[in-house]
Amino acid sequence: MDILLIGSGGREHAIARKLSRSEKVDKIYVAPGNGGTEKENKCENIAYTDNNKLLEFAKENNIDLTIVGPEVPLIEGIVDLFKENNLKIFGPSQKAAMLEGSKVYSKEFMKKYGVKTAQYESFDNVDDALNYVKNANYPLVVKADGLAAGKGVIICNELSEAIDAVNSCMTEDIFNGAGKKIVVEEFLEGVEASILSITDGKTIVPFISAKDHKQIYDGGKGPNTGGMGAIAPNPYVTDGVMEDFKINIMDKTLEGIKQEKLDYKGIIFFGLMITDHGTYLLEYNVRMGDPETQSVLELMNSDFVDVINACLEEKLADEKIKWKDGACVNVVAASSGYPHSYEKGFTITIDDSVKNDVIIAGAARKNDELVTTGGRVLSVVALGKNYEEAQKNAYNKLKGIKFESMVYRHDIGKIK
């Protein structure tokens with residue numbers, strides 16, 4: 001098979017590496033890719049990001065399967081475009097992708113189908129929103145309706161913060177249109193969990209659970225980032241939590257997909273909050289999470305191509321995904337200053353002994369050197385028979401990586 005993989009982050013490098021291990025795969029074109037995918041086995045980067053250009057490339061190069069990594073092309077309708085041209089593509093339709101593309105739509109979907117989630121109200125008028133927060137209980141959460149590069153969720157501990165959040169979204173438009181509508185919802189106290197899953201529209205099969213570490217500093221302190229590391233499986237996802245999730249969230253989501261006649265053959269990611277009062281859905285993503293993907297795929301024993309094909313053929317109910325025993329720890333190395341301003345262009349050195357365990361995210365190749373181009377630069381992935389061993393292995397591997405202003409958390413994989 002020749003595969004077209006769309007995206008440029010650590011998630012896409014992890015997917016490319018997993019696909020490259022399949023005997024069924026001959027070639028992987030990554031659009032646009034990064035400095036990691038450029039040198040990955042069976043991979044070639046191509047400099048296309050426009051959906052129509054990607055369609056043209058897929059036709060001209062007889063691509064057998066296209067896999068969409070990030071959410072933006074999905075929300076723009078790339079799956080619909082490829083299907084109209086009789087091309088095989090893995091991902092939800094544009095309508096289905098609105099489960100991530102619009103917080104208002106997704107919350108209304110959850111409410112309609114009885115999915116267990118936080119109580120909320122949605123607003124498209126700033127005065128109505130301000131009146132609501134003046135009489136609300138605190139803390140509460142203000143969410144921009146549209147895509148805001150992972151920054152559209154604001155936790156407010158008191159009224160003044162909520163007023164600022166509402167005005168920032170709706171009046172000052174700091175999210176470039178994404179906050180013209182907002183959701184205001186109750187704050188849930190607990191432990192977050194990520195359940196990446198796959199659906200063919202008839203069945204949802206959950207992958208092994210994961211836990212993301214959002215804050216920049218050890219102990220979960222400091223500003224939120226795109227993720228400073230992930231572990232899998234998530235130790236807080238007990239059998240009881242999983243059962244609660246399946247009954248009150250997953251099965252009801254599937255019923256909604258069927259009732260709404262959503263064309264959904266792809267990944268559905270459930271962002272959960274495990275509380276003393278049960279498990280709640282925080283949000284849907286319509287693609288694989290980053291950095292959870294790096295840990296989850298490393299533990300997948302099955303051929304990912306077989307899993308995807310079973311999905312596209314609506315045979316997921318018969319597919320038994322196999323997983324490795326033990327744990328995986330993925331630690332992100334970032335540029336100092338991230339998630340705010342940071343310098344770029346530093347040379348990265350990676351010892352040969354660990355190069356097969358490194359996932360590149362924000363780095364490119366210049367004159368055959370790997371140099372930093374993003375805030376989250378790379379991550380190391382390590383397995384172990386338990387979290388302690390996997391953590392030790394991951395941090396030992398980090399010793400073989402160097403670049404100026406490199407920072408990382410020291411507690412990824414530490415279980416309380």
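Just so we're clear, the structure is a prediction, and the values are computed from it rather than from any experiment.
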Chemist: Quickly, which of Leu5, Ile3, Ile6, Val79 forms a side-chain contact (heavy atoms from CB on, under 4.5 Å) with Thr66? Name it, please.
Modeler: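 The passing option is Ile6.
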
Chemist: Would you say Glu298 and Gln294 are linked by a side-chain donor-acceptor pair, where the criterion is simply a distance under 3.5 Å?
Modeler: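 No pair is found: no donor N or O on one side chain lies under 3.5 Å from an acceptor on the other.
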
Chemist: Examine Tyr408 together with His410 and report whether their ring centres are nearer than 6.0 Å.
Modeler: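 Between His410 and Tyr408, which both carry aromatic rings, the centre distance is below 6.0 Å.
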
Chemist: How about Ser22 and Asp303: does a side-chain donor come under 3.5 Å of a side-chain acceptor?
Modeler: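 Yes, side-chain donor-acceptor contact under 3.5 Å.
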
Chemist: Pairing donors with acceptors under 3.5 angstrom, does anything connect the side chains of Asn330 and Ser379?
Modeler: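 Yes, because at least one side-chain N or O of Asn330 sits under 3.5 Å from a partner of the opposite role on Ser379.
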
Chemist: Taking atom types as modelled, find out whether Ser122 and Lys181 have a side-chain donor-acceptor pair closer than 3.5 angstrom.
Modeler: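 The answer is no; no qualifying pair exists.
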
Chemist: Under the side chain to side chain donor-acceptor pair (under 3.5 Å) test against Asn309, which residue among Lys24, Glu319, Lys88 passes?
Modeler: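 When side chain to side chain donor-acceptor pair (under 3.5 Å) is applied between Asn309 and each of Lys24, Glu319, Lys88, only Lys88 qualifies.
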
Chemist: Could Lys27 and Tyr29 be counted as a cation-pi pair, given that NZ or CZ must be under 6.0 Å from the ring centre and within 45° of the axis?
Modeler: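 Geometry flag: set, cation within 6.0 Å and 45°.
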
Chemist: Do NZ/NE/NH1/NH2 and the carboxylate oxygens of Asp200 and Lys202 come within less than 4.0 Å?
Modeler: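 Looking at Lys202 together with Asp200, the answer is no, because their closest N to O distance does not fall below 4.0 Å.
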
Chemist: So if I apply the side chain to side chain donor-acceptor pair (under 3.5 Å) rule between Lys112 and each of Gln259, Glu255, Glu260, which one comes out positive?
Modeler: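 With Lys112 as partner, Gln259, Glu255, Glu260 yield a single side chain to side chain donor-acceptor pair (under 3.5 Å), made by Glu260.
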
Chemist: Can you tell me which residue among Met288, Glu71, Glu292, Glu100 is in a side-chain contact (heavy atoms from CB on, under 4.5 Å) with Phe269?
Modeler: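 Per the side-chain contact (heavy atoms from CB on, under 4.5 Å) rule, the option paired with Phe269 is Glu292, out of Met288, Glu71, Glu292, Glu100.
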
Chemist: Salt bridge check: are Asp263 and Lys83 linked by an N-O gap of less than 4.0 Å?
Modeler: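 Salt bridge present between Asp263 and Lys83.
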
Chemist: Do we see a donor-acceptor contact under 3.5 Å between the side chains of Ser93 and Asp80?
Modeler: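 Per modelled atom types, Ser93 and Asp80 side chains form no pair under 3.5 Å.
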
Chemist: Can a salt bridge be assigned to the pair Lys246 and Asp251 using a cut-off of 4.0 Å between side-chain N and carboxylate O?
Modeler: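 Not counted as a salt bridge, because no side-chain N and carboxylate O are separated by less than 4.0 Å.
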
Chemist: With a 3.5 Å cut-off and no angle check, do the side chains of Ser209 and Tyr236 form a donor-acceptor pair?
Modeler: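 No, Tyr236 and Ser209 have no side-chain donor paired with an acceptor closer than 3.5 Å.
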
Chemist: Taking atom types as modelled, find out whether Glu56 and Tyr48 have a side-chain donor-acceptor pair closer than 3.5 angstrom.
Modeler: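 Judged by distance alone, the side chains do not pair up.
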
